[in-house]
Colleague: 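Please read through the structure below; I'll follow up with questions.
Given the structure is predicted, the values throughout are model-derived calculations rather than measurements. Lettering follows sequence order; numbering is per chain, from 1.
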Number of protein chains: 2
Amino acid sequence: MGSDTRARLLEAAAQLFREQGYAATGLKQITAEAGAPWGSLYHFFPGGKEQLGVETVGHSGARYQRLFDLVYERAEVGADEAVRDMFRLSAEALETSGWADGCPIATVALEAASTSEPLRHACADVFAGWRAATARRFASEGIEPAEDLAVYVFAAFEGALILSRTGHDAGPLRVTADIVARTIRDRRPRSETASGV
Amino acid sequence: MGSDTRARLLEAAAQLFREQGYAATGLKQITAEAGAPWGSLYHFFPGGKEQLGVETVGHSGARYQRLFDLVYERAEVGADEAVRDMFRLSAEALETSGWADGCPIATVALEAASTSEPLRHACADVFAGWRAATARRFASEGIEPAEDLAVYVFAAFEGALILSRTGHDAGPLRVTADIVARTIRDRRPRSETASGV
DNA sequence: CGGATACTAGATAGATCGATCTAGAGAGAG
DNA sequence: CTCTCTCTAGATCGATCTATCTAGTATCCG
């Protein structure tokens, strides 16, 4: 093993794909950013750019997943508050990065949707993983239908990220978080103590 | 004027940007698809690819806007049903096109967010226009806060489109439509006749 | 008819793209 | 030590990218 070149390549690719997208990012730029030699790229990723893309999507997806897990573990208050935190954290990351760090998957997903089946499939897998983890959490709190609500949350999340990033305005993320969190809260099972407004 | 070459270039660019994105689409491919001579491209768009991109975004945005207007005019039943129709129509377009025709703006918006200010701004304007039109409709029915709910609807819409297109599954659009439409319905002002479950 | 303008046509430039190739450095095993 | 395998290093290839440039054709006005 020895070198971490491969990891640095993945990391650099993740960052660049997130900011600029897949097509606009050149392999030369990735090796430069990673401080990796050109020859190493095809050593570690003999499948070329597409393989690097697929692995990068998986890498970014797993990392983002961990961020969701963190939010869910931390929130003792319930899933609705966890959802709100997830939106809030992303809004902060987006804003402090100068509106650069949006969803690490969405841009590639849209670019690849009709141009690369392996890449599209990798993105679909990531989304499915996020959804499944969230659905488990909802189900464990009796929030049903858990699968549908998880899909709904991620749809609103991804869309709000697009609107906020494009408009350089965290408003959409904030506004959407409020409404979505309320929707989730309203689906919580009745507890013995009133859960009024 | 005479020729419609300029319009055909815009149309071809709109279709290709929608399917493949901005960076992955070459100018040569656009002229070929439009059946337009290469020389005409820089005659009509002296600003090059970026100008073509900006005008294409405006063109696509206006056309999609008309589709929203149609839905809103047709729906005598109320804004919540109009929202549902908007999701349903997009789901049909997406599915019948073989998962190619998603949002004509979103892909370019994400690609351009950190790479081209003119392009990003054009996308932001389109989103703002959609939101404003929807907010007016909500407000006219007494659905408040109209602006926030319009943002929320478009966030959920854009996100659901991404999930459905990436997964080759209309489920996210359908599921999200249900929940969002219900949220809008719940915000309608109390009428004299009960508006129960 | 002449002459200006609008548009077409495509060659060409220069840069950069992804990908392949050969050569060599480095470390660990025997 | 020497052999072997992993990884580095970068030259190089053909294709394609955006953009510019020069001609040539059509069209409309007088």
Colleague: How about F68(A) and F154(A): are their ring centroids closer than 6.0 Å?
Modeller: yes
Colleague: Could you list all the ring-ring contact (aromatic ring centres under 6.0 Å, His included) pairs where at least one residue sits in residues 88-110 of chain B, not counting sequence neighbours?
Modeller: W99(B)-H168(B)
Colleague: Using a cut-off of strictly less than 4.0 Å, decide whether S40(A) has a side-chain nitrogen or oxygen near OP1 or OP2 of dC7(D).
Modeller: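 It does not, given that no N or O in the side chain of S40(A) lies less than 4.0 Å from OP1 or OP2 of dC7(D).
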Colleague: Taking all non-hydrogen atoms of both residues into account, name the closest pair between T25(A) and I30(A) and its distance.
Modeller: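 Result for this residue pair: CG2-CG1, 3.7 Å.
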Colleague: Specify the angle, to 10°, made by the local axes at the two ends of the helix from dC1(C)-dG30(D) to dG30(C)-dC1(D) when five pairs are taken at each end.
Modeller: 0°
Colleague: Does a side-chain N or O from T5(A) land closer than 4.0 Å to OP1 or OP2 of dT8(D), or not?
Modeller: yes
Colleague: Checking S164(A) side chain against L173(A) main chain: does a donor-acceptor pair fall under 3.5 Å?
Modeller: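 Yes, because the side chain of S164(A) sits within donor-acceptor range (under 3.5 Å) of the backbone of L173(A).
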Colleague: Side chains of D80(B) and V180(B): does their closest heavy-atom pair fall under 4.5 Å?
Modeller: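 No, every pair of side-chain atoms sits at 4.5 Å or beyond.
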Colleague: So if I apply the side-chain hydrogen bond (donor to acceptor under 3.5 Å, both in side chains) rule between S114(A) and each of R165(B), E19(B), Q20(B), which one comes out positive?
Modeller: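 With S114(A) as partner, side-chain hydrogen bond (donor to acceptor under 3.5 Å, both in side chains) holds for just one option, R165(B).
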Colleague: Do D85(B) and R88(B) sit within salt-bridge range, that is, some charged N less than 4.0 Å from a carboxylate O?
Modeller: yes
Colleague: Tell me yes or no: between the side chains of Q51(B) and E55(B), is some donor less than 3.5 Å from an acceptor?
Modeller: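 Yes, a side-chain donor-acceptor pair sits under 3.5 Å.
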Colleague: Using atom NE2 of H43(A) as one end and atom C1' of dA9(D) as the other, report the distance to the nearest whole Å.
Modeller: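 To the nearest whole Å, that distance equals 13 Å.
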Colleague: Which letters describe nucleotides 11-20 of chain D, given B = protein heavy atom under 4.0 Å from base, S = only from sugar-phosphate, - = neither?
Modeller: B------BBB
